[in-house]
Amino acid sequence: MSCDCNATRCPWCALLYSSAPTPDVTRRTMSADPLADLDAEFLTFLRRAGVPESALESAQLSTPPQREFGARSSNVAFALARERRTSPRAIAQELAETFHPDEYRLLGRIEPAGAGFLNAFLNDAAFTQDVIGGVQAAGAHYGRRPDAVARRVVIEHTSVNPNKEWHIGHARNAVLGDVLVRTLRLAGDEVEVQNYIDDTGLQAAMSIVGLVDFPEPEQPDEKFDHYAGRLYVKIAGELGSEKTLKERLAELEHAPALSSSEPVNEADSLRARLENIARLQKRAVQVMHGLESGEYQHLVRQILDAQLLTAYRLGVFYNLLAWESDLVESHLFGDAIQRLEQSPSVTRPAEGRYAGALVIWTGQQSEEGEPRAEVLIRSNGLPTYVGKDIAYHMWKFHLVPNRLGYVPYAEEPNGETLWSTSVHGEPRPSLAPQLIINIIAAHQSQAQATVKDALRAAGFAEAAGDLVHLAYGLVKGEFGHFSGRAGTAVSADSVIDEAVRVAYDRVRERQSGEMADVEMRAIAEAVGVGAVRYFMVQYNPQREITFNVADVVSYDGNTALYIQYALVRMHAILRRATGERGIPQEEIAAANLCLLQHEQERRLIYHLALYPSAVADAARTLSVNLIAEYAFDLATIFSQFYRDCSVLDAAPELRAARLQLVATVRDVLANACSILGVPVIERL
RNA sequence: GCGGGCAUAGCUGAGUUGGAUACAGCGGCGGACUUCUAAUCCGCAGAUCGGGGGUUCGAGUCCCUCUGCCCGCACCA
């Protein structure tokens, strides 16, 4: 293989020239992070130019806002200007003059710019070689920093009450959590995904009351969670109307003179309904006790399994179902309380509003301005949700004796075993997590803060610091917030169905009968699921999003389909290359990458190099939208390359190089899609 | 009232240790399909970054303050 670029720093020509520059920066490593290698050279240059470490620490290397400013930029001259009492521009000028291109492999030249920036320009041939070689060598691990330190992380997400179907807000939670899981795993962390099942709460009880006491004579043709949800909404509505009914009744009883016959009838019917409500309440309490003893587990499982079908359809998977009933049954809660009782901020007031309850004082105020406590155990002896959550977190962090094992629950469609907590079962992983991330809606921030306060109060300050609440904003409808209780929420299943239906219609329109229906349906499913997932992650998690089906189903612009479409184009090129064009693999493999000098090619290569830092930033700041943004940008640059650079019709040498580039872009974009959970399709 | 969050183009958003002329998508207007398949690409218009003050060589970003919207302040979860 030869090269006609005649540059001394071209890796191909270097074989011919074989000059022996300084070893530390010239060794060809096929690094999994070529951008970091470039930055390392940049820093080496700055050190050689006499920049002290203190200035390097306070300065930063970044990608400049415009291509004309080169590949990387340093603002170190601004930091130096203060102590040297010179203008940043003069310092940048001075530093740039010390640059000798022969001493570097990836750095081509350094220029002062603007008010005092130092801009680094690439030695394109070497950089191209490193990037494409690096991606190929790293394979599916590309994106992981070579120096990444694996942490043990537990991520809890979803945690939907097992009582009705997911609404679109639950889907946001699950997708955010799932993408974060995939991000951290690619970044190198060892992640266990937990889904907390609150099977002993009031919500589950109401659905069970519906299923047991008021089943519909004919099982309708719908998912079991939807069926349970409809019964739940009826019962919750009836229970929720108690206050209004009582007020109305009081009104009638206190104004008997106003009318003669009608109000009496109304009062009677009100009393009848209130009696009915009282019966329902009694039943709910009975059922809650039944739930704690496992009496209705088959029904809870039936609802949960239906919910999990929604998760699986979205490509969301878990490692462990953590059952609240197990937490109670195993006496873990008791262990946690024992720890807490030793803290001065945990008390059992003998009088006042908290008389008889066990509470923790967190320094918060009530609406009336009085000190407010969080109840851990009610005066009737039953633990509260927050109390149980605290116990759950002590268990998650291995801070209380382990009383729960793992048993297999099911095999997930991805082939992995889904485990379940159990008072029996195999021991869980023996090492405690170093980090716990909870994906929980923003309106539960106080409750999450209370869990941290409680950990500190129990003497686990370090654990409290390792507990992160990723608060995400609610998904609201065009006409306000959704209410699960009132049944006004849009179900996740219906949104996925709609997205897939629209996609199917458009695929069929486009294909006009040339493609088998099975394949069109598979494509539509991938497009629809991709659209829903992408919609959920493209926004900053902490913002509320206004949900609109039309937005999910709009397949133009910044959407999953745009990214999938770019991949379809790449697959088409690669398929044709080895197919109808019959280009041998050896020819492609032997490509001379120095030929990739077109502006669009260089932009693509630079963007490929950016991937490890995008993954690292997303993992560090828990901002999965960065991955969506990265994928969209890469797809955009590819679309422009596609317009400007013909691959199959290029001269044979260039064609081979471009085919390698396309295959590499395909790999990285597919990698980003695998984090986003956006399915890759090869045809459209 | 107390605590938390948010405010960027007509709309929805990005801007994550302060950096160069604030970046996209949609919508609007105008262009490009005999092609490696146009669900694509190109161009134009559109922003006193909620108001005011401060720190800094430099502020959408940090501090103070005001305004507006959302959430929480249950022996619910």
Side-chain angles (χ1 to χ4, degrees), chain A residues 58 60 62 64-66 69 73 75 78 81-82 87-88 113-117 119 159 161 198 201-204 324 353-359 363-369 372-389 441-447 449 471 473-474 476 481 503 506-507 509-511 527 538-540 542-546 548 550-551 554-559 561-562 564-566 568-570 572-577 581 617-618 620-623 625-626 628-629 632-633 636 639-640 642-650 658 662 683-684:
Chain A
S58 63
Q60 55 194 332
S62 61
Q66 287 173 61
F69 296 148
S73 179
N75 59 359
F78 292 97
R82 192 165 307 165
S87 80
F117 293 97
N119 292 337
S159 302
N161 278 315
D198 181 3
L202 182 63
Q203 325 289 333
E324 191 168 270
R353 64 185 290 200
Y354 299 114
L358 184 76
V359 301
Q364 293 170 29
Q365 266 184 26
S366 72
E367 235 165 314
E368 297 76 37
R372 181 185 156 263
E374 195 77 50
V375 175
L376 304 176
I377 302 182
R378 300 181 181 97
S379 51
N380 66 8
L382 287 171
T384 61
Y385 166 81
V386 169
K388 286 182 276 197
D389 209 25
H443 67 262
Q444 291 208 40
S445 292
Q446 266 98 331
L474 290 177
K476 53 183 183 181
H481 287 107
R506 296 203 46 190
V507 172
E509 202 176 292
R510 181 188 170 92
Q511 289 295 335
V527 170
Q538 66 176 313
Y539 304 112
N540 185 332
Q542 61 191 330
R543 277 176 92 122
E544 286 195 346
I545 50 185
T546 302
N548 193 330
D551 290 339
S554 92
Y555 289 118
D556 297 319
N558 188 355
T559 61
L561 180 65
Y562 180 88
Q564 290 171 316
Y565 186 72
V568 165
R569 284 176 154 177
M570 294 175 216
I573 293 172
L574 295 169
R575 196 167 54 229
R576 286 186 167 219
R581 300 293 180 109
D617 287 348
R620 181 175 50 82
T621 62
L622 310 183
S623 303
N625 54 318
L626 295 180
E629 191 183 318
F632 178 70
D633 288 345
T636 301
S639 296
Q640 292 160 354
Y642 183 88
R643 178 195 65 213
D644 293 343
C645 303
S646 175
V647 177
L648 296 178
D649 292 332
R658 283 184 173 167
V662 170
R683 285 170 215 272
L684 189 57

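Here the structure is a predicted model, which is why all the values come from computation and not from measurement. By convention in this document, chain letters (A, B, ...) are assigned in the order of the sequence lines, proteins followed by strands, and residues within each chain are numbered from 1.
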Margin query: Which is more 5' along RNA chain B, the nucleotide nearest L684(A) or the one nearest D551(A)? Just name the residue.
Written below: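 Result of the comparison: D551(A).
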
Next item on the list: Assign each of V386(A) and Q542(A) to its nearest nucleotide of RNA chain B by heavy atoms, then name whichever residue's nucleotide is nearer the 5' end.
Entry: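 Between the two, 5'-proximity favours Q542(A).
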
Counting any heavy atom closer than 4.0 Å, what does [X] reach on the DNA or RNA strands: base, sugar-phosphate only, or nothing?
| X | value |
| --- | --- |
| V507(A) | base |
| D649(A) | sugar-phosphate |
| R569(A) | sugar-phosphate |

Atom pairs, protein N/O to nucleotides 24-32 of chain B N/O, distance under 3.5 Å:
from	atom 1	to	atom 2	distance (Å)
rG25(B)	O2'	N558(A)	N	3.4

Margin query: If you compare every side-chain N and O of Y565(A) against the phosphate oxygens of rU40(B) (OP1, OP2), does one of them come in below 4.0 Å?
Written below: no

Item checked: Distance test, side-chain N/O of Q640(A) to OP1/OP2 of rC42(B), below 4.0 Å -> yes

Notebook entry, point to check: Do the ring planes of Y562(A) and F632(A) sit parallel (below 30°), tilted (30 to 60°) or perpendicular (above 60°)?
Noted result: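 Ring orientation of Y562(A) relative to F632(A): tilted.
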
Need the pair for [N]. Rule: Watson-Crick or G-U wobble, both distances under 3.5 Å, any strand; none if unpaired.
| N | result |
| --- | --- |
| rG68(B) | rC6(B) |
| rC73(B) | rG1(B) |
| rA47(B) | none |
| rC11(B) | rG25(B) |
| rU34(B) | none |

Item checked: Protein-to-nucleotide contact annotation, 5' to 3' order, nucleotides 69-75 of chain B [B base; S sugar-phosphate only; - none; under 4.0 Å, heavy atom] -> -SSBBSB

Are the side chain of [X] and the backbone N or O of [Y] linked by a donor-acceptor pair below 3.5 Å?
| X | Y | value |
| --- | --- | --- |
| R543(A) | G473(A) | no |
| R569(A) | S639(A) | no |
| Y539(A) | I545(A) | no |
| S73(A) | P64(A) | no |
| T384(A) | L376(A) | yes |
| Q511(A) | L684(A) | yes |
| R581(A) | L648(A) | yes |
| N75(A) | Q60(A) | yes |

Measure [atom1]/[X] against [atom2]/[N] and give the value in whole Å, please.
| X | N | atom1 | atom2 | result |
| --- | --- | --- | --- | --- |
| I545(A) | rU12(B) | CD1 | C1' | 11 Å |
| Q511(A) | rA39(B) | CD | P | 11 Å |
| Q564(A) | rA39(B) | CD | C1' | 11 Å |

Could you tell me how far [M] sits from [N] if I compare only their [atom1] atoms? Round to whole Å.
| N | M | atom1 | answer |
| --- | --- | --- | --- |
| rG10(B) | rA47(B) | P | 6 Å |
| rG46(B) | rC23(B) | P | 14 Å |
| rC69(B) | rU61(B) | P | 23 Å |
| rU55(B) | rC71(B) | P | 38 Å |
| rA45(B) | rA22(B) | P | 15 Å |
| rG30(B) | rU37(B) | C1' | 25 Å |
| rA7(B) | rG60(B) | C1' | 11 Å |
| rG50(B) | rC44(B) | P | 26 Å |

Check: Yes or no on side chain to side chain contact (heavy atoms under 4.5 Å, CB included) for V662(A) and V647(A), after CA distance, side-chain angles and deciding distance?
Finding: CA-CA 9 Å; V662(A) 170; V647(A) 177; 4.1 Å; yes

With the criterion being N/O to N/O and under 3.5 Å, what pairs connect the protein with nucleotides 14-21 of chain B, and how long is each?
from	atom 1	to	atom 2	distance (Å)
rA14(B)	OP1	N540(A)	N	3.1
rA14(B)	OP2	R543(A)	NH1	2.6
rA14(B)	O2'	E629(A)	OE1	2.8
rU16(B)	O2	T621(A)	OG1	2.7
rU16(B)	O2	S623(A)	OG	3.2
rU16(B)	N3	S623(A)	OG	2.8
rU16(B)	O4	N625(A)	ND2	3.3
rG19(B)	N7	N75(A)	ND2	2.9
rA20(B)	N6	S73(A)	OG	2.6
rA20(B)	N6	N119(A)	OD1	2.9
rA20(B)	N1	N119(A)	OD1	3.3
rA20(B)	N1	N119(A)	ND2	3.2

Notebook entry, point to check: Under the side chain to side chain contact (heavy atoms under 4.5 Å, CB included) criterion, do R510(A) and V507(A) qualify, and how do the steps go?
Noted result: CA-CA 5 Å; R510(A) 181 188 170 92; V507(A) 172; 5.6 Å; no

Check: Of the non-hydrogen atoms in A442(A) and S445(A), which two are nearest, and what is the gap between them?
Finding: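 Looks like O-OG, 2.6 Å.
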
Note to self: Which heavy atom of V527(A) sits nearest to which heavy atom of A503(A), and what is that distance?
What the structure shows: CG1-CB, 3.7 Å

Next item on the list: Check if the side chain of R643(A) and the base of rU40(B) share a donor-acceptor pair of N or O atoms closer than 3.5 Å.
Entry: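 Donor-acceptor pair under 3.5 Å: no.
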
